[in-house]
Amino acid sequence: MNLLLNVSFGILILMPQGWLFMILIMLLESFISSELLCKRKFDGRITATVFFANFVSGLFGIIITLILNGGWWLVVWFPWVSSHEVDFSIPNELTGFIIYYIVAFVLSVVIELLINYSMLGKIHPAKKIFRTTLLVNLASYFLGSIIIYSLGFL
């Protein structure tokens, strides 16, 4: 089991566990977004927007990493790597990883913000959409990172 979980996200994304994990992250983001934007636990339009924004963000991340480095570190909400891919005992490896992680987060938020605003901007104020997009990404990165990195570095 540990070997299955300790693989790159590029492999995991093709497996049912990867799809389940991504769907759970998108559901988390859509529930938080619905609560923050319209004070309801579920809103169909917000859920559809969040799912679409995350799909585009993930696709954009995959394309960028394929161009930059062959896709070894795929950016789908956050870069997931395992102990097979990153060795923090190598000088500057941790610094590079942190920079990559921050860039991935910022790009994800910007892409999702643009989509969320374009699809929800006539219904909700821009400031509220911006704040919500930032908060849901902070929540999903935090929770998702704890889960993925706990599994990936076992």
Interatomic spacing from CG in Leu134 to CG in Leu36 - rounded to 0.5 Å = 11.0 Å
Kindly compute the distance separating CZ (Phe130) from CD (Glu112), expressed to the nearest 0.5 Å.
-> 12.5 Å
Note: Ile46 and Cys38 closest approach over all heavy atoms is CD1-SG, 3.9 Å
Residue pairs passing the salt bridge (charged side-chain N to carboxylate O under 4.0 Å, His left out) test with at least one member in residues 43-55, sequence neighbours excluded, are Arg40-Asp43
Those residues that, when tested against Phe42, pass side-chain contact (heavy atoms from CB on, under 4.5 Å) (two or more places apart) = Phe31, Thr47
Any donor-acceptor pair under 3.5 Å linking the side chain of Ser108 with the backbone of Ala104?
-> no
Those residues that, when tested against Ile102, pass side-chain contact (heavy atoms from CB on, under 4.5 Å) (two or more places apart) | Ile98, Val106
Distance from Met26 atom CE to Phe52 atom CZ, nearest 0.5 Å?
-> 12.5 Å
Between the OG1 atom in Thr132 and the CG atom in Asn137, the distance rounded to the nearest 0.5 Å is 11.0 Å
Rounded distance (nearest 0.5 Å) linking atom OG of Ser33 with atom CG of Leu28 = 9.0 Å
side-chain hydrogen bond (donor to acceptor under 3.5 Å, both in side chains) involving Thr133 - partner list, sequence neighbours excluded = Asn116
Is any side-chain heavy atom of Ile111 closer than 4.5 Å to a side-chain heavy atom of Val56?
-> yes
Nearest-0.5 Å distance, OG of residue Ser140 to CG of residue Leu135 = 11.0 Å
Acceptor/donor pairs from residues 117-129 side chains to any protein atom, 3.5 angstrom cut, sequence neighbours excluded:
{"from": "Ser118", "atom 1": "OG", "to": "Leu114", "atom 2": "O", "distance (Å)": "3.3"}
{"from": "Ser118", "atom 1": "OG", "to": "Ile115", "atom 2": "O", "distance (Å)": "2.9"}
{"from": "Lys128", "atom 1": "NZ", "to": "Leu37", "atom 2": "O", "distance (Å)": "3.4"}

